[in-house]
Number of protein chains: 2
Amino acid sequence: MRIRRDGPATLADVARAAGVSLATASRALNPGGQRAVRVELRERILRAADDLRYVPNAHARALAGGTTTTVGLVLHDITDPYFAGIARGAMAVAGDRGALVMVGSTFRSPERELEFVRTFRAQRVDAVVLTGSGFEDDGYREAMGEELAGHRRAGGGYAFVSEHDLPGHVVLPGNGEGAAAVGRALVELGHRRLAVAGGPSSLTTVRHRIGGFVRAVEACGVPSAAIEVVDRPFSEDGGRAAARELLDGGSGATALFCVSDVMALGALEELAARGVTVPDDLSVVGFNDIPTMRRLSPPVSTVRLDLEAMGRTAMELALDRDAGGFRTVPAPAELVLRASTARVDAAARPAGGRG
Amino acid sequence: MRIRRDGPATLADVARAAGVSLATASRALNPGGQRAVRVELRERILRAADDLRYVPNAHARALAGGTTTTVGLVLHDITDPYFAGIARGAMAVAGDRGALVMVGSTFRSPERELEFVRTFRAQRVDAVVLTGSGFEDDGYREAMGEELAGHRRAGGGYAFVSEHDLPGHVVLPGNGEGAAAVGRALVELGHRRLAVAGGPSSLTTVRHRIGGFVRAVEACGVPSAAIEVVDRPFSEDGGRAAARELLDGGSGATALFCVSDVMALGALEELAARGVTVPDDLSVVGFNDIPTMRRLSPPVSTVRLDLEAMGRTAMELALDRDAGGFRTVPAPAELVLRASTARVDAAARPAGGRG
DNA sequence: CTGTTAGCGCTTTCAC
DNA sequence: GTGAAAGCGCTAACAG
């Protein structure tokens, strides 16, 4: 006589308790399948399962059925409101489709990003959503390309949020247009000397934003020599550092465009610490419109992206294995002018110098 | 002759390609196990795996080995900085231990919370971390208790962040003490009529915060009749609604304690809309110290909790299946007084009335 | 060191 | 309808 195993009850236990075959128990517990089990039996099985506190083993199910309902989500940092917003949308869609979400935080490490995609593949996820722009590195691009191709070959879907230089569905924020709108607006407000707090130019997103800004400003007749670009990490500290650099360098700029709101937050802190008044001494604009921006005083101008919608769309693209090629879905970027940007006249006093 | 399956390569494929047995291939690919495989063979196997773009099947592995390296994290809303902060800490620990994190967003639905725990159990996760206070509902408590007991019986660990009225490891924020500190500070600043923007009292966290506040204020000699408590949803809108109610009711309070920063955000917005100046007309205090609070103007007083550390600790407790009973780890709450709270004299003009 | 052999728990033909 | 049996891909004893 065998001693009862310690672990949780299995389907076999349930079947035995209900006096039916394994197959029948499985059918009763998975209504979706073939023709149903007789009501009487079904109830008996359900009761037995309940009594035994049966919890199906998702791994066994996945192995036997060759199906899973999990998705992977890769992001840099969940406390960054940008990614949190996207994650919320993506998770909402996954939830609606009954899919479990596995989240990988890369903290901006390409290796970790690759590692997560591999792990997700091992988990045989249905779909993976990659947020944050790609890394401009041939090794990375090739490796990631292979992973994704393999994933696809195995029947999985995936989508990017932001450019990735790799084939795949993309939710593409209007980085260029948004930044261009910022540039035009600043020039229209009379600004003739501009500064940009940029991120590492290895990030496609950064390049697009800076590019769009510079081109638009030039198109307005302001020479690119009047634009001072400082590249710092794509973080709050980076923004702080950029502001410091600009101020220390005695920049004559009257307006500062930060390529992300988080950077703007850091820059604003540095400005405040130096006694530089916004917008009187310097106009400031961010990008993304994270919730905090409108609450600051003065409220900060920025480019609004519907983060949640972007996350939703990306997850849908990744999950819907429809025919046809890869789709690129634009995510409109809308300039939101707030009190942090003001008009200057030609004689405006430049910011900078010692605080 | 069989046609090659379409799916991804299996271990058997790798073994065949390398001319070794299944077991050997498995050993070569899992260095952790028994004594190693001869270098020559190992390299051959590794190469074959690489050539075939072999991706281990985590489900098969879990099923055969009876081991997983996944953890579940339950939270209400990832865009809420409170949960994002905790999640970051929890995910960091999971990452260090090589565990994959599955995240469930409940949006404050007890049913969904239960559902996630069930799903995590089906996934045979090693540990689950439950954030957000428990729901004061007997049905919920019993059901959740059973799920967790079953999970534990199956060898899994779990931990709560905040009180849960259920046995288990707990990371316990100093809600009572923190709120008490707020109460004392306000009384010391001369406030004699206090208002509280509270959340649903079914949330343990809310009860502890309000309780701690009220008791401390009374202990300072201010009668509880001088404290006006308004319960609204535990959200930004709830904070807005609470402020509206207080103002419309012609509250004579000179200070407002919001049981969470997110509620404070809503309340502040309503106050600003009504022309109530902080802190001149009304002092405001929040709870949690989400990053935004110190950036507002005036910077908002609040009670600091080290969210990330809380998340880390919780994940560690859930993962470390050490002997002994359940542990309760306090998370210190530290009052942070900022410019949103000011001294009033006895003749202070009460806020309220039509804006 | 390496190969053989059982399963892990479940879904799924295929018969009845 | 329901049962029997064959795996899903892998790990883990056992033997050699």
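Proteins get letters first, then strands, A, B, ... in listed order; numbering begins at 1 in each. Worth knowing before you read on, the calculation uses all heavy atoms, side chains too, and leaves out hydrogens, waters and symmetry mates.
Picking from C/dC10, D/dC10, C/dT2 the nucleotide with the shortest atom distance to the side chain of B/Tyr54 gives D/dC10. Taking the side chain of B/Val20 as heavy atoms from C-beta on, and the options C/dC1, C/dG3, C/dC10, the nearest nucleotide is C/dG3. Comparing D/dC8, C/dT11, C/dT12 by their closest approach to the side chain of A/Asn30 singles out C/dT11. Checked against D/dG3, C/dT11, C/dG7, the side chain of A/Ala64 finds its nearest nucleotide in C/dT11. Distance from the side chain of A/Ser26 is smallest for C/dT12 among the nucleotides D/dT11, C/dT4, C/dT12. Among the nucleotides C/dT11, C/dG9, D/dT11, the one closest to any side-chain atom of A/Thr10 is C/dG9. When distances run from any side-chain atom of B/Ala23 to the nucleotides D/dC10, C/dT4, D/dG3, the shortest one goes to C/dT4.
Contact check, A/Thr24 against D/dG3: a side-chain N or O comes under 4.0 Å of OP1 or OP2. For the OP1/OP2 pair of D/dT11 and a distance below 4.0 Å, the side-chain nitrogens and oxygens of B/Arg61 include at least one atom meeting the criterion.
In this structure, B/Leu29 places its CG atom 13 Å from C1' of D/dG9, rounding to the nearest Å. The CG-P distance, from A/Leu63 to D/dT11, rounds to 11 Å in whole Å. Here the P atom of nucleotide C/dC8 and the CG atom of B/Asn57 are 18 Å apart, to the nearest Å. Here the P atom of nucleotide C/dC8 and the CD atom of B/Gln123 are 20 Å apart, to the nearest Å. A straight line from CG of B/Leu22 to C1' of D/dG9 spans 8 Å, rounded to a whole angstrom. Look at CD1 on A/Ile45: it is 14 Å from P on D/dG1, rounded to the nearest Å. A/His59 places its NE2 atom 16 Å from the C1' atom of C/dT11, with the value rounded to the nearest Å.
Positionally, the nearest nucleotide of DNA chain C for B/Leu41 lies more toward the 5' end than for the other of B/Leu41 and B/Arg124.
Judged by distance alone with a 3.5 Å cut-off, a donor-acceptor contact links the side chain of B/Arg27 to the base of C/dG3.
By the 4.5 Å heavy-atom criterion applied to side chains, B/Phe120 and B/His151 are not counted as neighbours.
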Assess the residue pair B/Asp320 and B/Arg97 against the criterion (salt bridge (charged side-chain N to carboxylate O under 4.0 Å, His left out)); give the C-alpha distance rounded to whole Å, side-chain angles, the decisive distance to 0.1 Å, and a yes or no. CA-CA 11 Å; B/Asp320 294 338; B/Arg97 317 268 254 238; 2.4 Å; yes
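When only modelled atom types and interatomic distance are considered, A/Thr68 and A/Arg124 share no side-chain donor-acceptor pair under 3.5 Å.
Backbone-only contact: B/Gly65 has heavy atoms under 4.0 Å from sugar-phosphate atoms and none from a base.
With values rounded to the nearest 0.5 angstrom, A/Ile78 atom CD1 is found 9.5 Å from A/Phe83 atom CZ.
The aromatic rings of A/Tyr158 and A/Phe160 sit perpendicular, their planes meeting at an angle over 60°, well past the 30° parallel limit.
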